[in-house]
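Residue numbering restarts at 1 for every chain, and letters A, B, ... go by the order of the sequence lines. Please read all numbers here as calculations on a predicted model, not as lab measurements.
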2 protein chains.
Amino acid sequence: MDEPRSAAAGTAPTLEDVARVAGVSRATVSRVVNRTRNVDPAIQETVRQAVAAVGYVPNGAARSLITRRSGSVALVASGAGEGQEEEFRTRFFTDPFFSRVVNGVMGFLRPRGMHPVLMLAETEEARAEVIAYLRQRSADGALVVSTHADDPLPEQLVAAGLPAVLFARPARPVPIGFVDLAHQEGARLAADRLVGQGCRRVAVISGPLDIRAARERQDGFLEAMARHGEPLVPTAEGNFTQASGEAAMQRLLLERPDLDGVFAANDLMAQGALHILREHGRRVPEDVRVVGFDDSSAAVASRPALTTVRQPVEEMAAEMARLLLDRIEGRADGPRSAVFDPVLVVRQSG
Amino acid sequence: MDEPRSAAAGTAPTLEDVARVAGVSRATVSRVVNRTRNVDPAIQETVRQAVAAVGYVPNGAARSLITRRSGSVALVASGAGEGQEEEFRTRFFTDPFFSRVVNGVMGFLRPRGMHPVLMLAETEEARAEVIAYLRQRSADGALVVSTHADDPLPEQLVAAGLPAVLFARPARPVPIGFVDLAHQEGARLAADRLVGQGCRRVAVISGPLDIRAARERQDGFLEAMARHGEPLVPTAEGNFTQASGEAAMQRLLLERPDLDGVFAANDLMAQGALHILREHGRRVPEDVRVVGFDDSSAAVASRPALTTVRQPVEEMAAEMARLLLDRIEGRADGPRSAVFDPVLVVRQSG
DNA sequence: TTGAAAGCGCTAACAA
DNA sequence: TTGTTAGCGCTTTCAA
């Protein structure tokens, strides 16, 4: 099998080269390469052979200079801007949540020949870079995973007229698409489960209350408990890390040593709660039932495995990508959104 | 504060527009934007103001058409090609290892204005796509995280003359740069620790032995144990997942119910071992000591926290990126590599 | 130090 | 159905 000589050679072959070899014009080669109709099958074959012979690969820059498409989308991890860059990165990447988003996004993008470019936007400078990146058309749009309610990035994107879709509804009403979960509904599922299993003295480990999802999970849970005739439910705030879940559980145990049920606003914190409960000699689920949230890898990794409220992150991420492409390719008129329903996944802990 | 009118308008402003406003030529604007020397400070200022006034952002495609640089690198998750796409993705993304690589890569790339594009290469088709992506200059080079010894991608990259650096030394000697860990040395650290703590009946949970790193960790451990006068060490093979660690621990316990030490080739499997040991009423570290490998987030997440061999993944990933940029920017002559030293991190489990 | 002009490689009207 | 031609927006000689 002949190796195309040009592969390792100095200059990459261009359309021109293929055209010369095939004995046709550049335009025809372009049509064949881009699968445009209206090309004589015989010529098509000739061109394909010429392409193979010279080892031609279209130049992406030249192509997107004219199509105004880069073939990639920015996948942005956006934060509030208070933290250190490295700490933010580590926190973000350590959480299984982010991996699931990446997974779901790639699943959708890949068959469509598009690729995600990872970006961080936790400082004003970084946000400006993201905006500039999009404005210079290095990416066709942005998928934004935002961690704070007062993140200014969504509004900046809208102001710049850039295609973007968020994971989680924006804090202030902004004309931008998003995917989200019915968090309150999910929390209600957890409350119903705990009560249904006979728990009467339950407590909540919430996420950071400046994150909308965290607040909705807490509110939904408290509301459901109130409906069950339990208006007084102690709460402790964590920050979605396992360590914060441990600390919160400690506080809760001090406040209410006789508790028999815990709802944690994510699995990582639930896992932390499990550790502390065991240290204090509480058996799960016999003495205390624990329900988590997310159904992340942490849910099956812990012992006992977590009963948890499933957030279909991969599907949501895929939908987010779909909404963005619809927008980019002009299929969508205004910003569109999708809200997913949570499901209770019963395992051992609750 | 005036908003640049063109931001949300139909067409983005070009160099031409800036030049007109500033009353200079395109070339001069280009020089100012690209910080080239030899521009009159006064003119420089005028140009900057014009840039701000029209809200100019250079067009990336036009720029890279001529510079032949895209400003991004492919971050490739490469597999052997036997598995299902989705399973591969999920496995890969669930492992904290990948997140750490991304984290380290971004830490290095970001200050240099470069961005990672995520790609998968687990089938021949996907590999071809990666190669094409690089050949069409959509990325300036590739960072490859390979999971199997017989992965053909490294050789394909070399054959195509594309800049690339691997995480982990290639199976067959190929002229390509890589970063790696002294795995055998790390395993020796684990063996010394277990023996030093008085363990006499130890066992190994290895990774998939078709992965070089897994084999080296096992070999290094067995060799060290032999030196300690323990030539017979039972082993069980896992696949680096927690579930496989559990299964392996079950088998080991059956084979050697009186074991008092376990070395697992990664933390996830060690975590699985911990679960099984507890189920069987073995206390860790009192009855059985457990040492993991990696020092990933799983190491601090488990109870007891894992004593483990630290692999500085973030640093290694950053170095991988550095080696690639050196190559891309022509600072490196041939392929260069770096091998890192592991360190024992003592926590509770061993 | 600045400007004029020539392309980088490609796609898309428009003609033939 | 095919070819011709005109740029896309930028960088970079080469002259001035």
Atom CD of Gln136(B) and atom P of dT11(C): how far apart are they, to the nearest Å?
-> 11 Å
Restricting to nitrogen or oxygen on both sides, can you table the protein-nucleotides 4-7 of chain D pairs closer than 3.5 Å?
residue : atom : partner  : partner atom : Å
dA6(D)  : N6   : Arg26(A) : NH2          : 3.2

If you check the Val24(A) side chain, which of dG3(D), dT1(C), dG3(C) turns out closest?
-> dG3(D)
Ile43(A) CD1 to dT2(D) P, straight-line distance once rounded to whole Å | 4 Å
For Asn34(A) and dT11(C), is the shortest distance between a side-chain N/O and OP1 or OP2 below 4.0 Å?
-> yes
Residue Arg68(B), side-chain atoms from C-beta onward, closest of dT11(D), dG9(D), dC8(C) | dC8(C)
Contact under 4.0 Å: Asn38(A) side-chain N or O vs dT1(D) OP1/OP2 = yes
Name all residues meeting the side-chain contact (heavy atoms from CB on, under 4.5 Å) criterion together with Ser337(A); count only those two or more places apart in sequence or in a different chain, and write none if there are none.
-> Phe178(A)
Taking dT11(C), dT11(D), dC10(C) as options, the one with an atom nearest any side-chain atom of Asn59(A) is dC10(C)
Does any non-hydrogen side-chain atom of Asp180(B) lie less than 4.5 Å from one of Phe167(B)?
-> no
Nearest of dG3(C), dC10(C), dG9(D) to any side-chain atom of Thr14(A)?
-> dC10(C)
One would report the end-axis bend of the helix from dT1(C)-dA16(D) to dA16(C)-dT1(D), five pairs per end and rounded to 10 degrees, as 30°
What pairs of residues pass the side-chain hydrogen bond (donor to acceptor under 3.5 Å, both in side chains) test when at least one of them lies in residues 104-114 of chain B, not counting sequence neighbours?
-> Glu85(A)-Arg110(B), Glu122(A)-Arg110(B)
Of the candidate nucleotides dT11(D), dC10(C), dT2(C), which contains the atom at the shortest distance from the side chain of Pro58(A)?
-> dC10(C)
Output the residues of residues 15-22 of chain B in contact with DNA chain C, where contact means a heavy atom of the residue under 4.0 Å from an atom of the strand; sort by number or write none.
-> none
Quick one: do the Asn59(A) and Arg68(B) side chains pair a donor with an acceptor below 3.5 Å?
-> no
Classify the side-chain pair Ser138(A)/Gln136(A) by whether it contains a donor and acceptor separated by less than 3.5 Å.
-> yes
Check for a donor-acceptor pair, side chain of Arg327(A) on one end and backbone N or O of Arg336(A) on the other, with a separation under 3.5 Å.
-> no
Considering only heavy atoms from C-beta outward, does the side chain of Arg127(B) approach that of Asp151(B) to under 4.5 Å?
-> yes
Considering only heavy atoms from C-beta outward, does the side chain of Arg137(B) approach that of Ser64(B) to under 4.5 Å?
-> no
Taking side chain to side chain donor-acceptor pair (under 3.5 Å) as the test, write out the residues that go with Thr90(A), two or more places apart.
-> Asn103(B)
Which atom names give the shortest non-hydrogen contact between Val76(A) and Ala121(A), and what distance separates them?
-> CG1-CB, 3.7 Å
Could you tell me whether the side chains of Gln49(A) and Gln44(A) share a donor-acceptor contact shorter than 3.5 Å?
-> no
